Amino acid sequence: MSPLEAGFPELPRRLAAADPGWSETTDVLVVGSGIAGLTAALHLREQGLHVTVVTKVNIDDGSTRWAQGGIAAVLDPLDTPQAHAHDTEIAGVGLCDPVAVRVLVEEGPARVRELIRRGAAFDRHPDGSLMLTREGGHRADRIVHAGGDATGAEVQRALHEAVRRDPWIRLVEHALVLDLLRSAGGRACGLTLHVLGEGSEDGVGAILSRAVVLATGGMGQVYSSTTNPSVSTGDGVALALRAGATVTDVEFVQFHPTSFMSAAVTSVQRPLISEALRGEGAHLVDEAGKRFMVGQHELAELAPRDVVAKGIHRVLRATGADHVYLDTRHLGAEFLEHRFPTIVASTRAAGVDPATDLIPVAPAAHYASGGVRTDLAGRTSIPGLYACGEVACTGVHGANRLASNSLLEGLVFAKRIADDIARDLPGQADPVSPVAGPAWVADPEVRPDLQRAMTRGAGVLRSAGSLDTAAAELSRLAGRRATPRNAAWEATNLLTVAAALVAAAQTRRETRGCHWREDHPTAADEWRGHLLHGLDRAGRLSQRFEEMA
Ligand code: SIN
């Protein structure tokens with residue numbers, strides 16, 4: 001991989017931190033407690049392995065519980081895996097790995113049934129059959145949901161309870177992972193981490209393990225407005241880069257078309273207004289009440305997400321407004337309250353009643369389609385290091401993830417990872433000294449500046465100029481250093497993933513999926529492939545292009 005041109009900060013190869021003051025050992029260390037991490041832990045237990053799950057705040061604080069729409073899987077006898085694969089690949093605009101997609105759609109239904117056996121209660125018709133709905137990019141009703149629009153909360157509840165029932169899954173909360181530990185042979189053999197706790201686990205320590213599974217979720221917090229919770233700071237991707245793993249497709253950040261815009265929402269995380277509302281007949285309208293998506297795509301408001309986000313962005317640019325509207329009034333109060341209780345509660349709390357008012361909405365960063373590159377068994381380029389869920393790039397999403405394929409990906413690849421680990425798990429190796437190279441942490445105060453720079457320069461719409469400005473600002477922010485502590489480690493992770501994202505977006509001179517370049521407005525054949533990123537010994541980002549086979 002060749003290092004990038006100047007203009008980028010040199011990044012740390014290691015987070016500055018105290019030496020580990022405690023250590024413990026487990027068979028497999030899982031980092032993250034959303035659908036991917038907890039499902040991996042449960043499958044690993046079925047293989048008889050001792051598992052430790054570490055999570056940054058509390059077990060339920062990740063992205064999973066915020067998921068509204070549902071899980072896409074072929075559960076209707078009239079639907080087919082081929083049709084689901086087709087929709088996934090259309091959304092991915094030529095960059096999906098067809099083999100990975102086949103794995104996803106063929107193994108998905110069994111994994112959803114397994115989740116039901118673990119206790120997740122999905123919404124059903126009076127005859128007991130599963131209710132299936134539709135979201136953008138799907139040409140069939142294939143999305144299961146729970147509690148109307150509270151799918152993630154139900155999935156998280158069921159998995160949390162299953163994990164709590166198993167005494168051989170050890171849970172360590174308030175644990176921020178720092179860096180990967182590797183053996184003399186280069187295999188992952190644990191992690192350093194910082195635990196805010198009491199007793200022997202307080203402070204910086206090490207957990208040694210025979211394999212490590214990263215399931216740390218996304219990086220939406222690199223932007224000023226995201227549907228992701230505050231914990232989504234790209235920790236897994238940044239850790240993998242520092243450890244020398246390959247990261248790919250990070251330019252493809254999906255902006256959800258409809259986050260709730262209200263002066264009452266002051267946090268970086270914005271409430272999601274599920275696409276399932278459009279699946280049930282809601283319309284997007286501009287200030288004048290015109291349905292602007294009609295005529296832009298055959299599926300109108302139910303076009304793939306990138307198409308709808310771009311449609312909204314064009315209206316915002318033309319009018320100077322900061323939102324368009326979702327019209328749900330014709331769906332009626334009774335239906336809305338029953339089918340979308342979460343959305344109705346959050347909008348009414350801000351003074352907008354979806355039964356009588358238009359809902360102001362705008363795009364917000366939602367999902368990282370790229371991440372740590374893995375094969376079909378979830379293996380990264382570092383032996384013994386696996387990645388699962390949003391932190392990973394398995395190849396199923398290509399340039400733009402299809403709605404409700406993310407929870408499914410977590411389920412499917414968690415099982416594959418557990419099977420692979422159980423097939424070939426060596427004994428515990430001794431870690432060697434930490435990697436050489438720069439070790440520092442960023443000033444946590446840079447976080448809002450970084451978010452603003454990324455939103456302006458590398459948001460929904462990008463250009464060479466906007467990306468160069470973002471890169472220069474990241475470089476400047478990287479010069480502001482601090483002493484090690486949680487907020488500083490998180491800021492360093494944000495800086496690391498933001499730099500990789502901007503570098504990728506600068507290099508990819510085309511518009512494809514959720515990467516929209518104003519100065520290169522069409523998809524180009526020579527860009528049909530993936531940008532792979534690494535971090536060299538000096539902490540410089542390097543890049544290589546790999547054409548699609
Ligand atoms: C939504 O409910 O609109 C989000 C679902 C997803 O991101 O797949």
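In each ligand, atom 1 is the first atom listed, and ligand 1 is the first ligand listed. Everything numeric here is computed off the predicted structure, so don't read it as measured data.
- Taking the six-membered ring where the residue is Trp, the centroids of Tyr223 and Phe255 are separated by under 6.0 Å.
- Of all the atoms in ligand 1, the ones that sit under 4.0 Å from a non-hydrogen atom of Glu275 are 1 (C), 2 (O), 3 (O).
- Here Gln254 has no heavy atoms under 4.0 Å from ligand 1, in either its backbone or its side chain.
- Near Ala403, the atoms of ligand 1 lying under 4.0 angstrom from a non-hydrogen atom of the residue are 8 (O).
- Ligand 1 has an N or O atom lying under 3.5 Å from an N or O atom of His256, backbone or side chain.
- Ligand-side atoms of ligand 1 in range of Arg401: 6 (C), 7 (O), 8 (O), range being under 4.0 angstrom from any heavy atom.
- Scanning the protein heavy atoms around atom 4 (C) of ligand 1, the nearest turns out to be Arg305 NH2, 3.4 Å.
- Residue Asn405 has no N or O atom closer than 3.5 Å to an N or O atom of ligand 1.
- Polar contact with ligand 1: present for Gly69 (N/O pair, distance under 3.5 Å).
- Both tests do not hold together for Arg270 against Phe260: distance to the six-membered ring centre under 6.0 Å, angle to the ring axis within 45°.
- Tested against Thr39 for a side-chain contact (heavy atoms from CB on, under 4.5 Å), the candidates Leu411, Val163, Leu407, Val30 yield a single pass: Leu411.
- Nearest non-hydrogen protein atom to atom 8 (O) of ligand 1 is Ser404 N, 2.6 Å.
- Contact detail for Thr374 and Ala392: the closest heavy-atom pair is CG2-CB, 4.0 Å.
- Of the polar atoms of Gln68, none of the N or O atoms is found under 3.5 Å from an N or O of ligand 1, judged by distance alone.
- Nearest non-hydrogen protein atom to atom 2 (O) of ligand 1 is Ser274 OG, 2.7 Å.
- Counting only heavy atoms of the protein, atom 7 (O) of ligand 1 lies nearest to His366 NE2, 2.6 Å.
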**OP:** Kindly determine whether Glu135 and His138 satisfy side chain to side chain donor-acceptor pair (under 3.5 Å), including the steps that lead there.
**Re:** CA-CA 6 Å; Glu135 289 180 45; His138 290 274; over 6 Å; no
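- Under the 3.5 Å distance criterion, the side-chain polar atoms of Glu301 are matched with a main-chain donor or acceptor of Leu284.
- Between His330 and His283, the ring planes are parallel. Angles under 30° get that label, and only those over 60° would be called perpendicular.
- Taking the centre of each ring, His313 and Trp516 come in below the 6.0 Å mark.
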